[in-house]
Number of protein chains: 2
Amino acid sequence: MENSIKWGRTRDFFAAQLRAAQMNIYSHFTEWFDDTGLSPKQFAVLYVISLNPEVNQRQLANVHSTERAAFGETLARLEEKGLIERKASKTDKRAKVASVTAKGEDVLKRILIGIDEQERAFTANLNDAERHMLLALLLKVNMPHRES
Amino acid sequence: MENSIKWGRTRDFFAAQLRAAQMNIYSHFTEWFDDTGLSPKQFAVLYVISLNPEVNQRQLANVHSTERAAFGETLARLEEKGLIERKASKTDKRAKVASVTAKGEDVLKRILIGIDEQERAFTANLNDAERHMLLALLLKVNMPHRES
DNA sequence: TATTGTTATACTCTATAACTATA
DNA sequence: TATAGTTATAGAGTATAACAATA
């Protein structure tokens, strides 16, 4: 019964395979780093803030291809967890700059120590050459390209 | 200023690149097929239903790796749009089977006609060999593998 | 006038738990 | 007892529009 499902061309569609891969890595990541309570996006945001402590919210939102309004919510969640702090920019009173707290640095460090192993485990079906190829192809796809 | 953002290892992480790719194709798909009002997932669900009109909701949910409760909501949205119908199974009074309406078939047809062009446009940075390679690698990653 | 961040609003997707009808 | 589907609840993520403060 379960085996009689017809898939048609489902497996040929990038949209479907990318979505499946993204859901899988989301689950894998949150399970692997369960103690931190962070999602892949929250980790990425925390990581970029730690590298750019003087950057304002709009710039951070741009980096993560997210609207200002939605991105403010993401930052609010990180702030509620005590992982970042926000304060007014010294040079522009409209802007806020975020910085990672000591607790945030600790969480970040734990993920950075484990992330390579986590990603290798996630891509356990691939050998090293395939792993590098997949990452390179994803980067290439994600590069901005001319509108058709 | 915008250019001084430090990315660190962000571009090395599968989690970040898969998430970016999935967001990009979601935007591209919904823009390309704006007149249908469907998301990639809704299209995939509609497509699988059209191929498997006698399959119940639990089986459909399994195909799409979604919990029964959440999947019921997805079907409810398709039903509200008049693209599918649900009726009780003849063989199991607990179960429901979904089928695509005439309107649903029309929407599905429009997407299926354009999907190859849409996916080629989305992967405009890749040549044919790279495109096939990317899809093959995604399929391989998405294959179930042993727990470590 | 334009920009930064916020608030309000809305929709999709995800999950868990408890419920009902049936098997 | 177990299963199919629903409802209730919660949270993350996404987006648009309107607003106050500032540039």
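The chains referred to below are lettered A, B, ... by the order of the sequence lines, with proteins before strands, and numbering in each begins at 1.
Contact check, A:Thr74 against D:dA12: no side-chain N or O comes under 4.0 Å of OP1 or OP2. OP1 and OP2 of D:dA15 both lie 4.0 Å or more from every side-chain N or O belonging to A:Thr66. Residue A:Arg86 places at least one side-chain N or O closer than 4.0 Å to OP1 or OP2 of C:dT6. Taking only side-chain nitrogens and oxygens, B:Arg77 never comes nearer than 4.0 Å to OP1 or OP2 of C:dC11. For A:Gln57 and C:dT3, the shortest distance from a side-chain N or O to OP1 or OP2 is not below 4.0 Å. Between B:Lys41 and C:dT14 there is a side-chain N or O to OP1 or OP2 distance below 4.0 Å. Phosphate contact (OP1/OP2 of C:dA15, side-chain N/O of B:Arg68, threshold under 4.0 Å): absent. Contact annotation: A:Lys96 side-chain N/O to C:dT6 OP1/OP2 distance is under 4.0 Å.
With rounding to whole Å, A:Leu38 atom CG is found 15 Å from D:dG13 atom C1'. Note: CD (A:Glu79) to C1' (D:dA12) measures 17 Å, nearest angstrom. Atom pair A:Gln59:CD and C:dG5:C1' shows a separation of 14 Å (rounding to whole Å applied). When the P atom of D:dT14 is taken as reference, atom NE2 of A:His64 falls 11 Å away, rounded to whole Å. If you measure from atom CG of A:Asn56 to atom P of D:dT22, you get 16 Å, rounded to the nearest angstrom. A straight line from CD of B:Glu73 to P of D:dA10 spans 15 Å, rounded to a whole angstrom. If you take CE of A:Met23 and P of D:dA12, they are 17 Å apart, rounded to a whole angstrom. In this structure, the CD atom of B:Glu67 is 19 Å from the P atom of D:dA10, given to the nearest Å.
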Yes or no on side chain to side chain contact (heavy atoms under 4.5 Å, CB included) for B:Ile115 and B:Phe29, after CA distance, side-chain angles and deciding distance?
-> CA-CA 9 Å; B:Ile115 185 91; B:Phe29 183 99; 3.8 Å; yes
Go through B:Thr66 and B:Lys41 one step at a time and tell me if the side chain to side chain donor-acceptor pair (under 3.5 Å) criterion holds.
-> CA-CA 11 Å; B:Thr66 309; B:Lys41 173 161 190 177; 2.8 Å; yes
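Taken from CD in B:Glu54 to CG in B:Asn56, the straight-line distance is 10.5 Å, to the nearest 0.5 Å.
Counting non-hydrogen atoms under 4.0 angstrom, B:Ser39 reaches the backbone sugars and phosphates but no base. Residue A:Ala70 is classed as a base contact, given a heavy-atom separation below 4.0 Å to a base.
Along DNA chain C, the nucleotide nearest to A:Asp92 and the one nearest to A:Arg19 differ in position, and the one closer to the 5' end is contacted by A:Asp92. The nearest heavy atom of DNA chain D to A:Lys93 and to A:Lys81 marks one nucleotide each, and the one closer to the 5' end goes with A:Lys81. Each of A:Ala69 and A:Pro40 was matched to the nucleotide of DNA chain D holding its nearest heavy atom; the match closer to the 5' end belongs to A:Pro40.
The closest side-chain heavy-atom distance from B:Arg68 to B:Gln57 is not below 4.5 Å.
On a pure distance criterion of 3.5 Å, no polar donor-acceptor pair joins the side chain of A:Arg58 and the base of C:dT4. In this model, no side-chain donor or acceptor of B:Arg94 finds a partner on the base of D:dG5 within 3.5 Å.
Here the two rings, on A:Phe33 and A:Phe43, have centers that are 6.0 Å apart or farther.
Annotation: cation-pi geometry satisfied between A:Arg11 and A:Trp7 (NZ/CZ under 6.0 angstrom from ring centroid, within 45° of ring axis).
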